[in-house]
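Below, chain A is the first sequence line, B the second, and so on; all start at residue 1.
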Number of protein chains: 2
Amino acid sequence: MIEQGNPLALQLSPYGSFSNREQAVLDQFHHKQRIFPKGKELVHEGQAAPSAYILYEGWASSFKLMPDGGRQIIDFSISGDFLGLRSVFFRTSNHSIVSITDIKASQVTADDLYSTFGSCPRLATSLLRAASMDKAIAVERLVSLGRRNAPERMAHFLLELGERLMVVGLATEKGYDCPLSQFHLADALGLSAVHVNRVLRDFREEGLLTFRAGRVVYHDIEKLVRFCGFDNSYISQIRRLLT
Amino acid sequence: MIEQGNPLALQLSPYGSFSNREQAVLDQFHHKQRIFPKGKELVHEGQAAPSAYILYEGWASSFKLMPDGGRQIIDFSISGDFLGLRSVFFRTSNHSIVSITDIKASQVTADDLYSTFGSCPRLATSLLRAASMDKAIAVERLVSLGRRNAPERMAHFLLELGERLMVVGLATEKGYDCPLSQFHLADALGLSAVHVNRVLRDFREEGLLTFRAGRVVYHDIEKLVRFCGFDNSYISQIRRLLT
DNA sequence: CGAACGCTTGATGGCCATCAATCTCTGTGG
DNA sequence: CCACAGAGATTGATGGCCATCAAGCGTTCG
């Protein structure tokens, strides 16, 4: 029942399988996809953004700029994620969204969404659940920034990312490809890029994991999990249903 | 059209006025309210929580406990807020919710919600919007923890709280009553209680604001706003429509 | 009246930001 | 084909913000 080539369906499918009609709506979104180049600003903070996006391939980041030029990355988006859902309900978004790599995405207007809500209420519920998980991730990031030190933050973040990528088939228990720079990590974890570098070096020297040349390789994933107290239940609820 | 005595209606009303029928549904929730004592655990992390709550009076906090005994407060809930919406869609919640004061709240079951969605789709949309704003607040907290120092965090937090309280008529431009201890502030802002104390002392000595004996009094609110770069647009969208 | 809780202030130290310099790699234009 | 620029990675030195430890105070409540 699940179309393998549709990551959005993959992300939503754990919440129940879809009827033909619902599948058709999902595929309709899927076929409207376009290509956006790396560095393209999809949503600008403070500006009206009448449409959202479904991301099918590539990476994007949502962030907020500080008056002093600093940047706080709220989240990274990967294959199958919804972008800018918030900006559909409010007039303006409170953060910007920019593609990190070239991406394939389809634009979804507010009207698309509202009509979907009307004709396929179960899809609406699925969306709500996806949004809920979105918030769960934000909560975990909050905990990281508030109560974990730099190495714990890094470990937790990289493990979480791996779990999310595994849901859409882009990671194994060995590791995953990751186009993020150390600056990206720094801005997401509330650290300086210099310190990110040191933490990654320590991880390498202690045989925990290697992040190099755009690839994350686990060396001792269980030690990592223990070290930062990673509990994947908020993500694996999904995976358990998939496999 | 707005019933003055129903804070939930007050919080949702900015998104459009309600029909009689919708108002009736809201009032139905309103009349099921019960009293819970201070310190009551409404939702326990990791446990099934089949129902959510609508808070009508008093304060609550949602938080996550760390393995080392530390605590990260995710958010405080005030009059009119929805509690544990997440735990309705997932089997388990990823954080606990405990009342800080005695509270009046009504329990809302998952079935209540689903049937509301069916009969009053505009209420469903209102809820989605409320949840969206919830996330906006989480995002602001993320930015605070990631990129602001202690005094900026404090100022931003107290201003945001004031704006939220003003929406439900519990704050003026002079200040507001606030039952939070310095430990609460510390656990929300990712600081130690000792440092919270020092920051508040500095605010007092510099004539910015006074937080004492359960009351926050602004002395120079504009300087505060400038100091931490507070932008209330994500909350005031609501207030502007109310007044 | 003692205990518990929250608030307050001082002293010490560690984590991580900041500044600065070097190195690699990639792409680009002369 | 090479020189050059620019982005990202790496390492060292210095210092500041804030955690931690410790002690004393006021208030509330059983």
Side-chain angles (χ1 to χ4, degrees), chain A residues 37-39 59 61 66 68-73 98 100-102 144-155 157-158 177-206 209-217 227-228, chain B residues 37-39 59 61 66 68-73 98 100-102 144-155 157 177-205 209-217 227-228:
Chain A
K38 173 203 291 199
W59 294 56
S61 69
M66 309 299 293
D68 68 358
R71 183 173 67 157
Q72 176 63 42
I73 291 181
V98 171
I100 292 176
T101 65
D102 292 350
S144 268
L145 292 181
R147 288 288 173 233
R148 285 195 255 257
N149 61 22
E152 288 167 351
R153 272 182 231 181
M154 179 68 73
F157 172 78
L158 292 177
D177 289 328
C178 175
L180 304 179
S181 71
Q182 294 184 352
F183 286 89
H184 284 125
L185 294 178
D187 285 343
L189 300 178
L191 301 170
S192 70
V194 172
H195 201 63
V196 163
N197 186 290
R198 289 188 225 278
V199 171
L200 288 177
R201 169 159 54 91
D202 292 346
F203 279 8
R204 221 180 302 133
E205 290 174 352
E206 290 174 21
L209 70 73
T210 301
F211 186 169
R212 225 173 201 167
R215 180 149 186 92
V216 173
V217 177
F227 170 65
C228 67
Chain B
K38 173 202 292 200
W59 294 56
S61 71
M66 310 298 293
D68 67 359
R71 181 173 70 155
Q72 176 64 42
I73 291 181
V98 171
I100 291 176
T101 65
D102 291 350
S144 267
L145 292 182
R147 288 288 173 231
R148 285 196 256 258
N149 61 23
E152 288 166 351
R153 272 182 230 180
M154 180 67 73
F157 173 79
D177 289 328
C178 175
L180 303 179
S181 72
Q182 294 184 353
F183 285 88
H184 285 125
L185 294 178
D187 286 344
L189 301 178
L191 301 170
S192 68
V194 172
H195 201 63
V196 163
N197 186 288
R198 289 188 223 280
V199 170
L200 288 178
R201 170 159 53 91
D202 292 346
F203 278 9
R204 223 180 301 133
E205 291 174 353
L209 70 73
T210 301
F211 186 168
R212 226 172 199 169
R215 178 147 189 96
V216 172
V217 177
F227 171 64
C228 67

Output the rounded distance in Å from CG (B:Leu180) to P (C:dC5). 18 Å
Ion pair check, A:Arg215 and A:Asp177, cut-off under 4.0 Å: yes
Report yes if some heavy atom in the side chain of A:Val217 is under 4.5 Å from a heavy atom in the side chain of A:Arg212; otherwise report no. no
Decide yes or no for B:Met154 and B:Asp202: does some side-chain heavy atom of the first lie under 4.5 Å from some side-chain heavy atom of the second? no
Mind calculating the distance between CG (B:Leu200) and C1' (C:dT8) to the nearest angstrom? 11 Å
Least distance between heavy atoms, A:Phe211 atom then A:Cys178 atom: CZ-SG, 3.7 Å
Report the distance from atom CG of B:Asn197 to atom C1' of C:dT8, rounded to the nearest whole Å. 5 Å
Nearest heavy-atom approach of B:Ser61 to B:Ile73 is CB-CG2, 4.4 Å
Tell me, for nucleotides 13-30 of chain D in 5' to 3' order, what letter each nucleotide earns: B for a base near a protein heavy atom under 4.0 Å, S for only sugar-phosphate near one, - for neither? B----BSBB---------
Determine to 10° how strongly the helix from C:dC1-D:dG30 to C:dG30-D:dC1 is bent, judged from the axes of its five-pair ends. 30°
Tell me the closest heavy-atom pair linking A:Ile100 and A:Pro179, and the distance in Å. CG2-O, 4.5 Å
Only distances under 3.5 Å count here; give the side-chain donor-acceptor pairs of residues 190-201 of chain B to other protein atoms, sequence neighbours excluded, each with its distance to 0.1 Å.
residue  : atom : partner  : partner atom : Å
B:Ser192 : OG   : B:His195 : N            : 3.2
B:Asn197 : ND2  : B:Gln182 : OE1          : 3.1

First of B:Glu205 and B:His184 reached from the 5' end of DNA chain C, by closest nucleotide: B:His184
Taking every non-hydrogen atom, the tightest pair across A:Arg71 and A:His184: NH2-CD2, 3.8 Å
In whole angstrom, give the distance that lies between atom CG of B:Asp202 and atom P of C:dT9. 10 Å
Indicate yes or no for a side-chain donor-acceptor contact from A:Ser144 to the backbone of A:Arg153 under 3.5 Å, with no hydrogens or angles considered. no
Rounding to a whole Å, what distance do you find between A:Phe211:CZ and D:dG8:P? 13 Å
Rounded distance in Å - CZ (A:Arg212) to P (D:dA9): 11 Å
Taken to the nearest whole Å, CD/B:Gln182 to P/C:dT9 is 10 Å
